[in-house]
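All residue numbers refer to positions in the sequence shown, counting from 1. Values below: all heavy atoms of this structure, side chains included; hydrogens, waters and symmetry mates excluded.
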Amino acid sequence: MRLVTALALTLLASAPAAAQTVTARVSGGNIAIHAGPHDSYPIVGRLADGTEIPIDSCTQVDSDSRYGTLGDAGYPLWGRSSAQWCHIPETGWVERSWIVGRGLVNVTPPDFAGQGW
């Protein structure tokens with residue numbers, strides 16, 4: 001029995017983490033859904049104020065750089081004055097300033113690396 005338990009724990013520890021999805025809400029009117037994380041991408045739809053939406057990732061900015069960098073964990077960071085965007089699975093991207101949600105930080109890649117983070 002101990003061998004089975006140890007094997008199960010080993011498999012769980014080596015399995016890739018599942019992508020987390022959080023629920024956010026539109027706050028600010030009828031907002032555009034873009035095909036990519038920038039205003040230059042085509043608008044593929046709109047969301048009314050108060051609509052609840054799933055979010056699986058958000059971009060982040062480098063507050064120290066005008067131009068952005070590659071973060072310590074290998075994620076791209078946009079320049080400090082850039083808009084942040086959040087991804088609605090299988091739908092598109094919305095500007096983060098138009099949505100609210102307690103778990104948005106949980107779907108934003110961290111800017112650090114190493115064990116224990």
Side-chain angles (χ1 to χ4, degrees):
M1 184 63 172
R2 285 184 184 175
L3 179 59
V4 172
T5 302
L7 180 59
L9 290 174
T10 301
L11 289 174
L12 283 174
S14 64
Q20 182 173 1
T21 300
V22 299
T23 301
R25 185 173 40 82
V26 175
S27 177
N30 185 19
I31 67 168
I33 304 170
H34 291 267
H38 194 272
D39 284 331
S40 63
Y41 285 93
I43 294 174
V44 296
R46 293 208 170 263
L47 293 168
D49 191 30
T51 303
E52 288 192 352
I53 54 174
I55 298 293
D56 65 359
S57 65
C58 294
T59 63
Q60 61 181 359
V61 297
D62 181 351
S63 60
D64 297 326
S65 171
R66 281 182 41 194
Y67 305 106
T69 60
L70 187 62
D72 295 338
Y75 298 101
L77 304 176
W78 298 23
R80 68 175 168 254
S81 61
S82 298
Q84 290 179 281
W85 294 81
C86 292
H87 183 251
I88 304 170
E90 301 177 21
T91 305
W93 293 82
V94 293
E95 194 170 338
R96 186 172 178 166
S97 62
W98 295 105
I99 61 173
V100 293
R102 296 185 75 188
L104 291 176
V105 70
N106 296 328
V107 296
T108 303
D111 180 25
F112 47 79
Q115 290 190 340
W117 299 104

Below 30° counts as parallel, above 60° as perpendicular, anything between as tilted: where do the rings of Trp93 and His87 land?
tilted

Pairwise side-chain contact, Ile53 with Ile33, heavy-atom cut-off 4.5 Å (strictly under):
no

Are the side chains of Ile31 and Thr51 in touch, meaning some heavy atoms are under 4.5 Å apart?
no

Between Cys58 and Arg96, the two heavy atoms sitting closest are CB-NH1, 3.9 Å

For residues Pro54 and Val22, determine if any side-chain heavy atom of one lies less than 4.5 Å from a side-chain heavy atom of the other.
no

Smallest separation among heavy atoms of Thr21 and Asp56, with atom names
OG1-CB, 3.8 Å

Identify the heavy atoms of Thr59 and Ala83 that sit nearest to each other, and give their distance.
OG1-O, 4.3 Å

For the backbone of Asn30 and the side chain of Asp49, can you confirm whether one donor and one acceptor N or O come within less than 3.5 Å of each other?
no

Just verifying a value: how many Å separate Glu95 CD and Asp39 CG, rounded to the nearest 0.5 Å?
6.0 Å

Establish whether Ile43 and Ile99 are linked, either directly or via other cluster members, by ILVMFWY side-chain heavy-atom contacts under 4.5 Å.
no

Could you list the residues that satisfy ring-ring contact (aromatic ring centres under 6.0 Å, His included) with Trp98, not counting sequence neighbours?
none

Residues Tyr41 and His34: closest non-hydrogen pair is O-ND1, 2.9 Å

Which heavy-atom pair separates Val94 from Ala32 by the least distance, and what is that distance?
CG1-O, 3.7 Å

